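Below is one structure, written out as structure tokens; comments come after it.
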Amino acid sequence: MELNGIHLLLTYQCTFECDHCFVWGSPWQTGTMTIAMIRKILSQQKKPGLWNGFFFEGGEPFLYYQVMLAGITEALNFGFKVGIVTNSYWATSEEDALLWMSPLVGKFII
Ligand code: SF4
């Protein structure tokens with residue numbers, strides 16, 4: 001079987017607590033990755049061309065925005081394509097959504 005992506009649960013914390021959540025995300029959850037953990041995962045990849053994408057998910061990854069941004073930069077530098085899964089809690093207005101997204105312009109595949 002060919003692997004085509006890494007899905008990293010940056011945190012189990014989330015702004016919501018959905019009944020259908022398969023990672024039991026909630027505001028009460030603990031467990032968040034550090035940038036050192038992300039680097040270790042990246043360092044274990046010997047053939048980055050093998051993977052199609054490196055995805056930052058949760059929980060809600062935007063709760064740890066700076067770690068997410070740093071991880072995205074390192075994953076891109078390593079040669080991965082990058083995607084994010086978010087509930088977009090931060091997009092409370094068009095202006096705020098653009099503010100949160102502007103550092104990410106041009107960094108996504110998905
Ligand atoms: S990660 Fe998604 S499904 Fe899970 S609690 Fe948060 S919003 Fe709901």
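These values consider heavy atoms only, across backbone and side chains, with no hydrogens, waters or symmetry-generated copies. The structure presented is a predicted model; accordingly, all values stated were derived computationally and were not measured. Whatever order the structure lists ligands and atoms in, that order sets their numbers, starting from 1.
Nearest heavy-atom pair, Pro61 versus Ile84, reported as atom, atom and distance to 0.1 Å: CG-CG2, 4.0 Å. When all heavy atoms are compared, the tightest approach of Tyr65 to Pro103 is OH-CG, 3.3 Å. When all heavy atoms of Ala97 and Ala91 are compared, the closest pair comes out as CB-CB, 3.8 Å.
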Item to check | Thr15/Trp90 under side chain to side chain contact (heavy atoms under 4.5 Å, CB included): CA gap, chis, key distance, verdict | outcome: CA-CA 10 Å; Thr15 51; Trp90 39 271; over 6 Å; no

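Using cut-offs of 30° and 60° on the angle between ring planes, the pair Phe62 and Trp100 is tilted.
By the 4.0 Å heavy-atom criterion, His20 is counted among the residues contacting ligand 1.
With a 4.0 Å heavy-atom cut-off, ligand 1 is reached by no atom of Glu60.
At a cut-off of 3.5 Å, with distance as the only test, no side-chain donor of Glu60 or Thr11 sits close to an acceptor on the other residue.
Against a heavy-atom cut-off of under 4.0 Å, Phe16 is close to the following atoms of ligand 1: 5 (S), 7 (S). Residue-ligand proximity, Asn87 to ligand 1, at heavy-atom distances under 4.0 Å covers atoms 7 (S).
Summary of contacts: the protein heavy atom closest to atom 6 (Fe) of ligand 1 is Cys14 SG, 2.3 Å. Closest to atom 4 (Fe) of ligand 1, if we only count protein heavy atoms, is Cys21 SG, 2.3 Å.
Residue Cys18: no N/O/S atom is found under 2.8 Å from atom 4 (Fe) of ligand 1.
Scanning Pro27, Gly59, Gly25 for the heavy atom closest to atom 1 (S) of ligand 1 points to Gly59.
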